[in-house]
Structure formats: structure tokens, C-alpha cells
Colleague: 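Encoded as C-alpha cells, here's the structure I'll be asking about.
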2 protein chains.
Amino acid sequence: MSANSRLTIAAHALAWIGLYQRQGHEVATSEQIAPSANTNPVVIRRLLGDLRRAGLVESRRGVGAGWSLARDLESITLLDVYEAVEPGPLFALHRAAPDPGCVVGHGIQPAMQRVYDGVEEALRRELARVTLEDVLQDVLAAPR
Amino acid sequence: MSANSRLTIAAHALAWIGLYQRQGHEVATSEQIAPSANTNPVVIRRLLGDLRRAGLVESRRGVGAGWSLARDLESITLLDVYEAVEPGPLFALHRAAPDPGCVVGHGIQPAMQRVYDGVEEALRRELARVTLEDVLQDVLAAPR
DNA sequence: GTTGTCGCAACTGTAGTTGTTACGACAGGC
DNA sequence: GCCTGTCGTAACAACTACAGTTGCGACAAC
């Protein structure tokens, strides 16, 4: 289906900034992060812009500018990141409204919406269980 | 994100066939189902073709042909339908492989894959809880 | 004023989904 | 044998989403 990697790249950028700051640096630039994720600096800036609007990171402009975490990695869950970078619902209802004169067409949308609400809730619970600190520790524990 | 309605339309078609058969008809045609879902018969045939490959419906050709359920609505869960019509994973990893020389780039993919496996498992559990009989009953209970 | 970086708009390329047309394959009725 | 209705499937266009790229203005430190 979607094959959308926004959440992956956003988590990558946050873990990178967190690790970089622990090594004593103040800020990280999109030009530093981009090669690690093998993408373009503008892609990083777009995603970090979403995260800034959600209050997860801060940016400074001018010479010596860059990005820094607004909250600890322990306090940021993947659900926070997901909500910041993924706008729409997981599953869509009918693109064009079904026939309201048909019994099925009339009742199917609320029925499916209830199911989809439950599915999204389960997905959110699962994402909320993992913090970015967990992700970073898992990354650092990877075999060389 | 994806805004993909394949699961919705597939469930709609199955509920429609199930209800139609309970009204005493042998088979339903894609031309009958399509107007109820407000889409094209070929879209219905494509989705029902996926469901036939998964063993959920059967099709007959020739005059008087059409589609019929291969299993009871009670025994078909939305997970069965999801697996039949949705090919790929929910979240993708990096489109281009991250820098293996960077600590984060090296360890991020297995770390995120573990998270995504858990999320998909939660989604599957949730979809498996709902049968198409549940959906049809919910549809029939909708206010007029 | 020079420099380095973000902020953002514009455009392209690629892929997935949907909608549509067309036509062959098949099976039943005449 | 021919006609008819339906599936099966290919081909194509339209639309959307995301990724990638370029360009340039805004801003702040020096």
C-alpha cells in the first residue's frame, strides 16, 4: 500500500540529533543529517519543520544555525512523531459516496469507520509504547 | 497518507454479495455491485479477483454468471480481506539505504523494522476481531 | 557586507490507485 | 452453430502522494 517512509526518516533525524548533542554539539544541520539518511537536506528540513510545529525540535537561523531537540528523547514517543508527520487516516472510505438508496451503501460507511477507528487506536497504542530513547538504544546495540 | 480505499470497497462488495444471496439469489454480478459502491464494474472485478485468489469468493462465467461467497460471512474476518487486497507493508524503511558508516544509519533499519513488525501485528489482531457478519449486522442496524 | 543556514516555493520523476474502454474467453439458450 | 451476458485482463488516462532537486529570500553571527 502506501510504502511511505516519512516516519522512518523523521525518527532517523531525531535519533541523529539526540546522539550528536550527547557528543557535546549544540545544534545539528540538515546538511549533516541528510547523508546519514541518504536523502536530500530539503527533505530533512521539511520533516523537521513538521516536528518543530509539533514542538519536538527547535531551529535557529543565521551563521552557526541548526536544529536541536526541544524535549528529551525519553519523553518523545513514536506516536508523537507519527502525529507530526502523517496527516491523514490509514484507511479511506469510498472515494465517491456509495448509493444511499441501497441498504449496504447506506450503512457501510459508519460501520467501516468504527472499525478503522479501532484499528488506528491500536496502532497509536503500539507507537506510544516506544520512545526515541528506546530506538536510539536499539540502534547503538546493533552488531558492528 | 495512503488514502487507499481498497479494503473499504472489498468489504462493501462481500457484504453486498452475502446479503444478496440471503435474499435467495445464486450469484451477484459486478455490474450490480458497482452502482452500490459508486464505482466501476472493472474495479469490483479486480478486487473480487484478489479475493478469489485468496479463496474467499468464487466466480462463474458465461450466461447467468457472477460471483458467490466461497465461505460464510461469519468465517471471513477483515484480516482475511486485508491480506487479500493490500500487498505491501504499512510503513516503509528508507527508500535509499542509509549510510552504513554512520552509527545511526547502520542500526536504524533493524530497530525500526522491529517497531513496524509490532505495529502491523497489532493492526492484524484488530482486523481479525471483526468478521464480515459483524460488518453486515452493523450495516443493517444503521438508522434509516 | 560576507557567510552559512533555515524557510519555502516551484518543478520534476516515480509510483500507486482509480476510472474507463476495449476485447477475448467462456457457457448457456436458442 | 450463433447469440448473448458475464468474467478476465490488458491498455491507457487522470489524479494523488511522496521524494528529489533547484533556487532564492530571510536571518543572524562575525
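Chain A is the first sequence line, chain B the second, and so forth, proteins listed ahead of strands; every chain is numbered from 1.
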Colleague: Could you tell me the separation between the CD atom of A:Q32 and the C1' atom of C:dC6, rounded to a whole number of Å?
Modeller: 13 Å

Colleague: To the nearest Å, give me how far apart CG (B:N40) and C1' (D:dC15) are.
Modeller: 16 Å

Colleague: When the nearest nucleotide of DNA chain C is assigned to A:R52 and to B:I9 on a heavy-atom basis, which residue is associated with the more 5' position?
Modeller: A:R52

Colleague: Identify whether the distance between the nearest side-chain nitrogen and carboxylate oxygen of B:R71 and B:D80 falls below 4.0 Å.
Modeller: yes

Colleague: Can you tell me if the side-chain N/O atoms of A:T39 get under 4.0 Å from OP1 or OP2 in D:dG20?
Modeller: yes

Colleague: Need to verify one output field. Residue with the more 5' nearest nucleotide on DNA chain D, B:A28 or B:R46?
Modeller: B:A28

Colleague: With respect to the phosphate group of C:dT18, does any side-chain polar atom (N or O) of B:S5 fall under 4.0 Å of OP1 or OP2?
Modeller: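 For B:S5, the contact criterion (side-chain N or O under 4.0 Å from OP1 or OP2 of C:dT18) is met.
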
Colleague: For B:D50, check salt bridge (Lys or Arg N to Asp or Glu O under 4.0 Å) against everything at least two apart and list the hits.
Modeller: B:R6, B:R53

Colleague: Return the nearest nucleotide to the side chain of B:V43; candidates are D:dG20, C:dC8, C:dT18.
Modeller: C:dT18

Colleague: When rounded to the nearest 0.5 angstrom, what distance separates CZ in B:R22 from CG in B:L136?
Modeller: 5.5 Å

Colleague: CG of A:D50 versus C1' of C:dC6: gap in Å, rounded?
Modeller: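 From A:D50 CG to C:dC6 C1': 15 Å.
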
Colleague: Check the phosphate of C:dC6 against A:S30, side-chain N and O only, distance under 4.0 Å to OP1 or OP2. Yes or no?
Modeller: yes

Colleague: Which parts of nucleotides 22-30 of chain C does protein reach within less than 4.0 Å, heavy atoms only, written one letter per nucleotide 5' to 3' as B for base, S for sugar-phosphate only and - for none?
Modeller: B-BBBBB--

Colleague: Listed by chain and number, what are the ring-ring contact (aromatic ring centres under 6.0 Å, His included) partners of A:Y20, not counting sequence neighbours?
Modeller: A:W16, A:H25

Colleague: Is any NZ, NE, NH1 or NH2 atom of the basic residue among B:E126 and A:R124 found under 4.0 Å from an Asp or Glu carboxylate oxygen of the other?
Modeller: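 No, B:E126 and A:R124 are not salt-bridged.
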
Colleague: Say you draw a straight line from CG of A:L90 to CG of B:L123; how long is it, rounded to the nearest 0.5 Å?
Modeller: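 Those atoms lie 6.5 Å apart.
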
Colleague: Under 4.0 angstrom, heavy atoms only, what part of the nucleic acid is B:G66 near: base, sugar-phosphate, or nothing?
Modeller: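 Sugar-phosphate only.
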
Colleague: Between A:S59 and C:dT5, does any side-chain N or O lie under 4.0 Å from OP1 or OP2?
Modeller: no

